[in-house]
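First the structure, in the form of structure tokens, and then the observations on it.
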Amino acid sequence: MGKDSEWVTPGEVLGKASKFKAGRGAYVSPDNLTVYASLTGLRRILSPLPDSPDQRPTVEVTGHKAHGAIPEPGSIVIARVTKVMARMASADITCLGTKSVREKFTGIIRLQDVRATEIDKVDMHMSFHPGDIVRAIVLSLGDARAYYLSTAKNELGVISAQSTAGATMVPISWTEMQCPLTGQIEHRKVAKVGQ
């Protein structure tokens, strides 16, 4: 296999999508149909199964054990909102499923990915505040700096938030949370918590 154990870093070209399928730790850029590494580790090329209709080999990157879990499209993550702007909010991903992440991963929730309905009426500042803890799903490896996240399902959105008085707020509807100390109501994109 020759290059079976080559060390690669995120963003490094692994090959063309016409020759390779992207496996774990790799992704295909839709812009130029090139397979890139999404983590630091060893590049491996896996031969296709004899009965597979797609006979391209799979290229994957096996991360160093110390790196822990890596977010992938479809993964549910827990993230802390760090900044809210007019068209997006940025967040630091802290958990992947039920496991905490060891590396720092950044996520972006774009305006169109906040909720599934009435997208044209979404106001980022009425959906999230810095410090909010959100449950989201990974849509894709957006760009080299951040994953694109979505809260456009009932069970996704803000799961914990602090009021201006410093208390943990209580959800009272899909769009509002209330401070138990002052009774003040603040707007959020609230996640529906299990029954």
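Nothing here was measured: the structure is a model prediction, and the numbers come from that model.
With values rounded to the nearest 0.5 angstrom, S127 atom OG is found 8.0 Å from L111 atom CG. Here the straight-line distance linking atom CG of L14 with atom OH of Y27 works out to 9.0 Å at 0.5 Å rounding. Atoms CG and CD1, from L156 and I76 in turn, are 5.0 Å apart once rounded to the nearest 0.5 Å. Between the CD1 atom of I185 and the OG atom of S163 there is a distance of 12.5 Å, given to the nearest 0.5 Å. In this structure, E186 CD and D132 CG are separated by 8.5 Å, a value rounded to the nearest 0.5 Å. The NZ atom of K192 sits 8.5 Å away from the CD atom of E155 when rounded to the nearest 0.5 Å.
For the pair T82 (side chain) and D92 (backbone), a donor-acceptor distance under 3.5 Å is absent. Proximity of a side-chain donor or acceptor of R188 to a complementary backbone N or O of V190 within less than 3.5 Å is not detected. At distances below 3.5 Å, at least one donor-acceptor pair connects side-chain atoms of T151 with backbone N or O atoms of V114. Side chain of S173 to backbone of E176: a donor-acceptor contact under 3.5 angstrom is found. S38 contributes a side-chain N or O that, together with a main-chain N or O of G25, makes up a donor-acceptor pair within less than 3.5 Å. Of the possible donor and acceptor atoms, none in the side chain of R135 sits under 3.5 Å from a partner among the backbone N and O of A191. Judged purely by atom type and a 3.5 angstrom limit, E60 has no side-chain atom pairing as donor or acceptor with the backbone of K21.
Considering all non-hydrogen atoms of both residues, A37 and V8 come closest at CB-CG2, 4.0 Å. Taking each heavy atom of G107 and L149 in turn, the nearest pair found is CA-CD1, 3.8 Å. When all heavy atoms of M124 and A86 are compared, the pair lying nearest together is CG-O, 3.2 Å. Shortest non-hydrogen contact noted between D54 and R56 is OD2-NH2, 2.8 Å. Nearest heavy atoms, A165 versus C179: CB-SG, 4.2 Å. When every heavy atom of P73 is checked against every heavy atom of L139, the shortest pair comes out as CB-O, 3.6 Å.
Here the side chains of L46 and R44 are in contact, with some heavy-atom distance below 4.5 Å. In this structure, V134 and V81 have side chains that are in contact, with non-hydrogen atoms separated by less than 4.5 Å. S160 has its side chain within reach of T168: a pair of non-hydrogen atoms, C-beta onward, lies under 4.5 Å apart. Between R115 and K121 there is a side-chain heavy-atom pair separated by less than 4.5 Å. I133 places none of its side-chain heavy atoms less than 4.5 Å from the side chain of V158. W7 is listed as a side-chain neighbour of L42, based on a closest heavy-atom distance under 4.5 Å. Between F128 and I109 the shortest side-chain heavy-atom distance falls below 4.5 Å. You'll find the side chain of T182 stays beyond 4.5 Å of the side chain of T164, heavy atoms only.
In terms of hydrophobic clustering, with Ile, Leu, Val, Met, Phe, Trp and Tyr side chains grouped at heavy-atom distances under 4.5 Å, F105 and Y148 are assigned to different clusters. Both L96 and Y147 sit in one connected hydrophobic cluster of ILVMFWY residues. Membership requires side-chain heavy atoms under 4.5 Å apart, directly or through other members. By the rule that hydrophobic residues join a cluster once side-chain heavy atoms approach within less than 4.5 Å of another member, V138 and V61 end up as members of one cluster. Hydrophobic clustering (ILVMFWY, side-chain heavy atoms < 4.5 Å, transitive): V122 and I137 are in distinct clusters. In this structure, V84 is a member of the same hydrophobic cluster as M169, with clusters built from ILVMFWY side-chain heavy atoms closer than 4.5 Å.
Looking at T34 and N32, their side chains do bring a donor and an acceptor atom within 3.5 Å of each other. K83 and S90 share no side-chain donor-acceptor pair at under 3.5 Å.
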- prompt: Checking side chain to side chain contact (heavy atoms under 4.5 Å, CB included) for the pair T58/I45: CA distance, chi angles, key distance, verdict?
  reply: CA-CA 6 Å; T58 300; I45 298 170; over 6 Å; no

- request: Check step by step if side-chain hydrogen bond (donor to acceptor under 3.5 Å, both in side chains) holds for E72 and S75.
  value: CA-CA 6 Å; E72 293 180 351; S75 303; 5.3 Å; no

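By the neighbour-count criterion of 12 heavy atoms within 6.0 Å, atom CZ of R80 is sparsely surrounded, having that number or fewer from other residues, nucleotides or ligands.
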